J.: 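Below: one structure in structure tokens.
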2 protein chains.
Amino acid sequence: MTDPAGPRATPTPPTSTAVARRAGVSRATVSYVLNGQAAGRVGERTQARVRAAAEELGYVPHAAARSLRAGRGSIVLLAAPADTAVAFGPLFARFLAGFQTALHHLGYTGVLHGAPAASPTAAARAWAELRPAAVLTLHGPPLDAPAVELLHRSGTAAVLTHGPSAPPGAHTLLLDQREAGLRAGEHLLARGRRRIGVVRPAEPGLAAFAESRLAGVRAAAATHPDAEVHPLDLALTEESAARLAAAWQERGLDAVFAYNDEYAMLLMRALQDAGHTIGTGAGGRIAVVGADDLLLARLLRPRLTSVRAEITPPERVAAWVAALIRDPAAAPTTHRLGTFHVEARDSG
Amino acid sequence: MTDPAGPRATPTPPTSTAVARRAGVSRATVSYVLNGQAAGRVGERTQARVRAAAEELGYVPHAAARSLRAGRGSIVLLAAPADTAVAFGPLFARFLAGFQTALHHLGYTGVLHGAPAASPTAAARAWAELRPAAVLTLHGPPLDAPAVELLHRSGTAAVLTHGPSAPPGAHTLLLDQREAGLRAGEHLLARGRRRIGVVRPAEPGLAAFAESRLAGVRAAAATHPDAEVHPLDLALTEESAARLAAAWQERGLDAVFAYNDEYAMLLMRALQDAGHTIGTGAGGRIAVVGADDLLLARLLRPRLTSVRAEITPPERVAAWVAALIRDPAAAPTTHRLGTFHVEARDSG
DNA sequence: GGAGTCTGCTTACACGTGTAATCTCGGCCG
DNA sequence: CGGCCGAGATTACACGTGTAAGCAGACTCC
């Protein structure tokens with residue numbers, strides 16, 4: 001009498017011992033065969049028997065036991081330090097999928113894990129419990145020094161974090177946000193704009209990125225004696241945008257770099273509703289530049305000019321990570337995660 | 001002479017044995033103290049000594065060893081079956097963050113893992129290696145029967161999948177996509193529309209959702225004898241939208257449910273560019289309804305009417321999962337992951 | 001004063017795996 | 001015939017943890 005709901009109550013998963021028993025060999029033989037170390041040690045016929053037994057039982061090795069024995073884990077932890085949930089663009093999603101596939105081919109298991117706790121140290125502890133081979137962050141607040149040290153002390157072979165500079169002992173994955181600002185600034189200056197607003201988003205998770213981008217615009221402006229840069233605080237609500245638009249006149253800005261396309265679209269709409277004209281060309285028009293090059297940003301009129309990130313292929317990044325794991329004592333390195341350039345359209 | 005780059009080459013992470021030695025007690029005592037099982041077994045002073053030693057050494061328990069010993073894992077795997085990267089909306093991101101936090105409070109480690117391999121079975125194998133306490137999917141193609149069986153055989157206590165119906169032995173997390181279509185259909189019919197187009201997105205990862213939503217609109221239309229439903233194929237490009245808009249006249253549709261806000265915005269813009277008028281009211285206007293209620297969808301004119309999902313709080317979902325893990329032999333259950341309702345604006 | 005009880009700690013085993021070291025056995029050579 | 005060798009398998013140990021069972025000693029009770 002079988003359970004109609006399926007084999008849900010299977011008492012214990014099959015182990016390599018079970019496979020060994022079924023194939024009539026010792027457990028060691030099973031291990032050699034299933035891990036490809038059988039050449040010249042185990043006969044062909046025996047190998048076939050072992051493989052068949054494993055197949056029939058539906059044997060799946062126990063990753064925990066394996067990494068316990070091996071002394072080194074095989075999971076690569078993609079950490080999302082704080083409430084950076086907002087930063088899950090399609091760009092990131094696509095990268096993540098490719099990254100996990102690439103890691104899998106290299107023998108690692110890529111996994112995404114957010115920060116479950118309030119304190120960054122507590123989050124690092126949670127990650128350390130998994131004894132990952134590597135931990136990396138791509139966005140949000142970068143890992144701080146205590147977190148990096150805790151991870152190293154718990155055996156993490158490679159710690160990679162983004163951001164302009166990494167804490168001691170950590171490698172750097174550089175997606176230089178300053179560059180995004182720099183490109184936007186250069187573009188606007190080349191178009192003759194001189195009084196440039198730069199949106200600082202209110203979302204706390206974006207603060208670090210925002211500051212870097214602002215610094216980039218400032219760097220661009222430094223080359224023009226008469227250029228001015230003005231930070232503008234904006235939240236992701238229509239009210240906030242309307243407020244900013246209402247006070248636009250008195251600021252006298254002729255251009256704005258709006259952090260990303262979402263903020264740009266919001267602000268552009270608000271400016272239009274307040275009676276301003278957006279776009280390139282002479283006159284009192286306001287130039288608007290976003291970032292991320294969303295499809296939707298091309299639907300507004302005028303079409304939104306946007307700073308686009310050319311991301312390093314995930315396979316490459318995975319290869320870097322694997323190399324760093326293999327050489328845990330390596331001096332901290334820096335890898336460019338991508339570059340920015342302007343996709344010029346009608347809005348600026 | 002210390003390494004200037006930090007303690008990167010720490011030979012081995014501290015174990016509970018090290019803590020025991022430092023505190024001058026046995027390893028068992030350490031385990032009892034650090035797991036809160038010390039009440040009435042270990043003296044206050046000894047407990048303090050143990051805790052101090054653990055703190056000083058930066059001891060972090062080894063999750064693999066722990067779950068190996070315990071026989072049950074503590075990780076909850078949020079699986080993303082195929083190339084569903086596209087479905088990473090802000091909605092999902094926010095849910096994920098809350099879900100991981102909630103699981104952490106319940107003693108589990110929530111982790112997101114995509115399908116690293118081509119075949120679904122291979123993906124299931126990769127998940128099974130981690131011996132997760134639970135596996136759940138929220139979007140993309142639902143788990144199939146072989147995958148569920150493989151997971152169960154490898155000891156996964158609870159398997160939850162979304163979609164209208166789950167394979168035998170799996171629980172169901174129901175975010176009924178038919179309901180989304182139903183609500184949209186009802187809304188349009190109530191507004192007097194009768195010839196309703198329904199966008200079928202070209203992205204393969206969305207096919208399952210799309211069919212359900214279409215079925216929902218059909219169900220709504222079935223209550224009106226003179227209502228017609230027409231599937232419309234649309235890819236997420238401006239060209240595709242333009243093509244669809246150019247052929248609009250001959251179809252004679254007076255309304256469209258565009259799968260989600262992104263497709264809706266794209267199509268609405270294309271229809272407007274082709275000279276059509278969008279919005280409620282009488283005349284030859286076309287009603288457009290999206291889904292997901294994106295902020296950006298309110299920036300177009302007319303403002304986009306959208307079907308919004310009211311998602312169950314992640315804490316609740318985490319509690320369900322925990323309960324199902326505790327009772328692996330439970331009969332398959334169904335939990336509503338959320339409901340849909342229409343946010344009426346100007347476009348339809 | 002011996003038997004029982006309670007406190008505080010330790011000893012001993014198990015979880016599933018990988019691999020170095022060892023064993024067995026038949027064949028071959030000197 | 002004894003020694004050697006290689007192929008093919010096994011034995012034995014370690015990884016870090018949780019916990020049942022055991023044990024020493026102080027106290028209590030009749």
Side-chain angles (χ1 to χ4, degrees), chain A residues 11-50 53-54 57-75 107 128-131 133 153-155, chain B residues 11-50 53-54 57-75 107 128-131 133 153-155:
Chain A
T12 52
T15 68
S16 68
T17 307
V19 176
R21 197 164 31 226
R22 181 172 246 262
V25 298
S26 79
R27 208 177 47 68
T29 301
V30 172
S31 178
Y32 285 126
V33 171
L34 263 37
N35 291 310
Q37 312 282 347
R41 323 177 82 140
V42 182
E44 280 300 331
R45 280 192 50 77
T46 311
Q47 289 196 38
R49 264 207 335 276
V50 169
L57 290 174
Y59 171 69
V60 175
H62 193 308
R66 188 191 286 239
S67 71
L68 177 59
R69 161 65 219 201
R72 51 189 189 76
S74 69
I75 90 171
E129 288 191 7
L130 295 176
R131 295 289 191 277
R153 289 181 66 164
S154 71
Chain B
T12 53
T15 68
S16 68
T17 308
V19 175
R21 199 165 27 226
R22 182 172 246 264
V25 298
S26 78
R27 209 176 47 70
T29 302
V30 172
S31 179
Y32 285 126
V33 171
L34 263 36
N35 291 309
Q37 312 282 348
R41 321 175 86 141
V42 182
E44 279 300 334
R45 280 194 49 78
T46 309
Q47 289 198 37
R49 261 202 343 271
V50 169
L57 290 174
Y59 172 69
V60 175
H62 193 309
R66 185 190 290 236
S67 72
L68 176 59
R69 160 66 221 206
R72 55 193 184 74
S74 68
I75 91 171
E129 288 191 5
L130 295 176
R131 294 289 191 280
R153 290 180 66 164
S154 71

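Residue numbers start from 1 in every chain, and the chains themselves are labelled A, B, ... in the order their sequence lines are given, proteins ahead of strands. All values derive from a computational prediction rather than experimental measurement.
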J.: V25(B) has a side chain; which of dT10(D), dA14(C), dT10(C) sits nearest to it?
T.: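 Nearest to the side chain of V25(B) among the choices is dT10(C).
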J.: Side chains of R131(A) and S67(A), heavy atoms from C-beta outward: is any pair under 4.5 Å?
T.: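 Side chain of R131(A) against side chain of S67(A), heavy atoms only: no contact under 4.5 Å found.
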J.: So does T29(B) get a side-chain nitrogen or oxygen closer than 4.0 Å to the phosphate oxygens (OP1/OP2) of dT10(C)?
T.: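 True: T29(B) side-chain N/O within range (under 4.0 Å) of dT10(C) OP1/OP2.
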J.: Rounded to the nearest Å, what distance is computed from the CZ atom of residue R45(A) to the P atom of nucleotide dA9(D)?
T.: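 In whole Å, dA9(D) P and R45(A) CZ are 11 Å from each other.
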J.: Nearest whole angstrom, please: distance from the P of dT17(D) to the CG of L34(B).
T.: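 Spelled out: CG on L34(B) to P on dT17(D) is 10 Å.
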J.: Measure from the side-chain heavy atoms of A28(A) and tell me the nearest of dT17(D), dT19(C), dT10(C).
T.: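 Nearest to the side-chain atoms of A28(A), counting from C-beta on, is dT19(C).
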J.: Select one nucleotide: of dA9(D), dT10(C), dT19(D), the one nearest the side-chain heavy atoms of V42(A).
T.: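 Comparing dA9(D), dT10(C), dT19(D) against the side chain of V42(A), the answer is dA9(D).
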J.: Taking CG from L68(A) and C1' from dC13(D), how many angstroms apart are they, rounded to a whole number?
T.: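 Between C1' of dC13(D) and CG of L68(A): 13 Å.
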J.: Please state how far atom CZ in R49(B) lies from atom P in dC9(C), giving the value in whole angstrom units.
T.: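 Those two atoms, CZ and P, are 7 Å apart.
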J.: Is there, by distance only and without an angle test, a donor paired with an acceptor across the side chain of Y32(A) and the base of dA7(D) below 3.5 Å?
T.: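 Flag unset: no donor-acceptor pair detected.
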J.: Which nucleotide, dT10(C), dG18(C), dC15(D), lies nearest any side-chain atom of N35(A)?
T.: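 Selected nucleotide: dG18(C).
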J.: Quick one: on DNA chain C, does G43(B) or G71(B) contact a more 5' nucleotide (nearest heavy atom)?
T.: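 Its nearest nucleotide being more 5', the pick is G43(B).
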J.: For the OH atom of Y32(A) and the CD atom of Q37(A), what is their distance to the nearest 0.5 Å?
T.: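 Answer rounded to 0.5 Å: 8.0 Å.
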J.: Between dC15(D) and T15(B), is there an OP1 or OP2 to side-chain N/O distance shorter than 4.0 Å?
T.: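 For T15(B), the contact criterion (side-chain N or O under 4.0 Å from OP1 or OP2 of dC15(D)) is not met.
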J.: With a 3.5 Å cut-off and heavy atoms only, can you find an N or O donor on one side and an acceptor on the other between the side chain of R27(B) and the base of dT17(D)?
T.: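 Indeed there is one.
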J.: Is the shortest heavy-atom distance from the side chain of L34(B) to the side chain of Y59(B) under 4.5 Å?
T.: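 Sidechains of Y59(B) and L34(B): in contact.
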J.: If I take atom NE2 in residue H62(A) and atom C1' in nucleotide dT17(C), what distance separates them, rounded to the nearest angstrom?
T.: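 Roughly 10 Å, once rounded to whole Å.
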J.: Would you say a side-chain N or O of R66(A) is under 4.0 Å from OP1 or OP2 of dG18(C)?
T.: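 The answer is yes; a side-chain N or O of R66(A) sits under 4.0 Å from OP1 or OP2.
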J.: Yes or no on side chain to side chain contact (heavy atoms under 4.5 Å, CB included) for V25(A) and R49(A), after CA distance, side-chain angles and deciding distance?
T.: CA-CA 9 Å; V25(A) 298; R49(A) 264 207 335 276; 3.5 Å; yes
J.: Quick one: is T46(A) getting a side-chain N or O under 4.0 Å of the dA9(D) phosphate, OP1 or OP2?
T.: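 Yes, because at least one side-chain N or O of T46(A) sits under 4.0 Å from OP1 or OP2 of dA9(D).
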J.: Please report, rounded to the nearest Å, how far the C1' atom of dT22(C) is from the CZ atom of R41(A).
T.: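 R41(A) atom CZ is separated from dT22(C) atom C1' by 12 Å.
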J.: Quick one: does any side-chain atom of E129(B) pair with a main-chain N or O of V60(A) as donor and acceptor, under 3.5 Å?
T.: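 Not confirmed, E129(B) side chain does not pair with V60(A) backbone.
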J.: Atom CZ of R69(A) to atom C1' of dT17(D): distance rounded to whole Å?
T.: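 My rounded result for the distance is 16 Å.
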J.: Please report the closest heavy-atom contact between A54(B) and V19(B), naming both atoms and the distance.
T.: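 Closest pair (atom of A54(B), atom of V19(B), distance): N-CG1, 3.8 Å.
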J.: Select one nucleotide: of dC15(C), dT10(C), dG18(C), the one nearest the side-chain heavy atoms of S26(B).
T.: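 From the listed options, dT10(C) comes nearest.
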J.: I want to verify a distance call: between dG18(D), dG18(C), dT10(D), whose nearest atom is closest to the S31(A) side chain?
T.: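 Nucleotide nearest to S31(A)'s side chain: dG18(C).
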J.: To the nearest Å, give me how far apart CD (E44(A)) and P (dA9(D)) are.
T.: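 From E44(A) CD to dA9(D) P: 11 Å.
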